[in-house]
Amino acid sequence: MDSIHMYGGNFLRGEVKIQGSKNAVLPIMAAALLIKGTCVIKNCPRIADVYLMQNLLQELGCLVTWSENTVTIDASNVIDSAMSGESVSSMRSSVMLLGAMLGRIGEVFMAYPGGCVIGKRPIDLHLSALKEMGVEIMEQEHFFTAKVGRLKAMDYTLPFPSVGATENIILAAVLAEGTTTIRGAAKEPEITALCEFLRAAGADIEGAGEQTVVIKGVKELRETRYTVPGDRIVAGTYLIGALAAGGSIFLEKAPSEHMKALLKPAAQMGGTITINKGGVGIDVIRRLEAIPYLKTEVYDGFPTDLQSPIMAAMAVAHGDSVLEETIFENRFRIVDELRKMGADIRTEKNKAYISGIERLKGAVVEAEELRGGAALVVAGLEAEGETVIKNRHFIERGYEDICRDLRNLGADINIR
């Protein structure tokens, strides 16, 4: 039951509602630790990574309950500073708990975060920044302990606009003494969502979504409610799926304002894009055209999380495309799997050279990580014959029910 079986060739038609953002809700759930009371988070996606974060919060003493897609977190009694190695090492986003726990109780014991094979993603930036805030870090081979009496404010410049490091500093700074300034901060919409949640709880934050973020520490945060925005990466995956398969779909609740870096190349490839207050639509009635050159960048450039899916679409575009990956050093793991389906792709360092063919052929392929797995689903949508994608659990880390959503759009896709 850990495989997806699908037959390609069906045009996609209809509407699908986009789930809440994975990359927004995880740091928001971590931020709930800072509030000595109850927080209600609406539009929370029911995905594997959210359940892992729930487990970690419960280990620390939180009460977490669900009602459909609303999660309630009661962090009145945080009773432990240690998290199990298995839970932490299963998910990269567990690192968000570092800044939150230091802000709440001044101590945390945790394994080094894991859960990803696309690159090294060291947490050095997180640790060096927290040391500037007075945190003492004691590192061991597989674990580390972080302690602080009272977090102090700082003026800190990030050497790289790391999303995780920016979020961790914000989480640590909201209850710190004084004013913290982050320069060279990441500008992703998920950081803005985190700051909106914290401001609703009484935090004093300026510059969210900008290169310079200023956080004035407050004494305490209050209980609050927040609605998670739509997931731009899930919306982008389904939009690229329509590019590959053809058809006409509408993505309800897709955050168009955060998808501009995808919508432009999607239009270049032959999609007709429509945008309104309700979401994003795309119509594709002819074979795709190649994009001579596209590279991933930090926001608001083309997102690395959509590099693998768009590669799958480029594999059947007319002409030659070049994809350059500038964020993660190991994001081309999908290439061998696409080659099994007949794709003409070669890689050289951090560039992939794609010569489009008429159509991919179904094959048995294997997901190795979240976005690569989703890209194989995109490939299967337009491949001739049956495609079997093993390791569905990777895809479930970020997609609430990709089979349900695409089946509602007309795809022949099921779990077996």
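The figures that follow rest on heavy atoms only: side chains count, while hydrogens, waters and symmetry mates do not. Keep in mind the model is a prediction, meaning the values are calculated, not measured.
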Dump the intermediate steps for side chain to side chain contact (heavy atoms under 4.5 Å, CB included) on V322 and I354, then the final yes or no. CA-CA 6 Å; V322 178; I354 305 122; over 6 Å; no
Is R397 salt-bridged to E369, cutoff N-O under 4.0 Å? no
So, are K147 and E136 salt-bridged, with charged N and O less than 4.0 Å apart? no
Approximate separation, where rounding is to 0.5 Å, of C39 SG and L33 CG: 9.5 Å
Contacts under 3.5 angstrom, residues 404-416 side chains, donor-acceptor by atom type, not counting sequence neighbours:
from : atom 1 : to   : atom 2 : distance (Å)
D405 : OD2    : Y238 : OH     : 2.8
R407 : NH1    : I413 : O      : 2.8
N408 : ND2    : R404 : O      : 3.4

Quick one: list whatever passes side chain to side chain donor-acceptor pair (under 3.5 Å) with N391, sequence neighbours left out. E366
Pairs satisfying side-chain hydrogen bond (donor to acceptor under 3.5 Å, both in side chains), at least one member in residues 22-35, at least two apart: none
Side chains of residues 154-165: which donor-acceptor partners sit under 3.5 Å, not counting sequence neighbours?
from : atom 1 : to   : atom 2 : distance (Å)
D155 : OD1    : R183 : NE     : 2.9
D155 : OD2    : R183 : NH2    : 2.8
Y156 : OH     : S128 : OG     : 3.1
S162 : OG     : A165 : N      : 3.0

Decide yes or no on side chain to side chain contact (heavy atoms under 4.5 Å, CB included) for E190 and S21, but give the supporting numbers first. CA-CA 8 Å; E190 295 78 21; S21 169; 4.0 Å; yes
Closest non-hydrogen contact found for L294 with I291 is CB-CG2, 4.3 Å
Test side chain to side chain contact (heavy atoms under 4.5 Å, CB included) applied to V148 - qualifying residues, sequence neighbours left out: L102, V135, L151
Listed pairs under 3.5 Å, donor-acceptor, residues 193-200 side chains, sequence neighbours left out:
from : atom 1 : to   : atom 2 : distance (Å)
E196 : OE1    : Y226 : OH     : 2.7
R199 : NH1    : I205 : O      : 3.1

When rounded to the nearest 0.5 angstrom, what is the spacing between OG1 in T145 and CD in E107? 7.5 Å
Got a salt bridge between E368 and R333, using NZ or NE/NH1/NH2 to carboxylate O under 4.0 Å? yes
I357: side chain to side chain contact (heavy atoms under 4.5 Å, CB included) partners, not counting sequence neighbours: D344, L360
Side chain to side chain donor-acceptor pair (under 3.5 Å) filter on E386, not counting sequence neighbours, yields H5
Listing, residues 246-267 side-chain donor-acceptor contacts under 3.5 Å, not counting sequence neighbours, or none:
from : atom 1 : to   : atom 2 : distance (Å)
S248 : OG     : D283 : OD1    : 2.5
H258 : ND1    : Y299 : OH     : 3.2

Side-chain donor-acceptor pair under 3.5 Å between T296 and E324, yes or no? no
Qualifying residues under side chain to side chain donor-acceptor pair (under 3.5 Å), relative to S308, sequence neighbours excluded: none
Residues in salt bridge (charged side-chain N to carboxylate O under 4.0 Å, His left out) with E289, at least two apart? none
What pairs with K187 under salt bridge (charged side-chain N to carboxylate O under 4.0 Å, His left out), at least two apart in sequence or on another chain? none
R339 and E337 ion-paired at < 4.0 Å: no
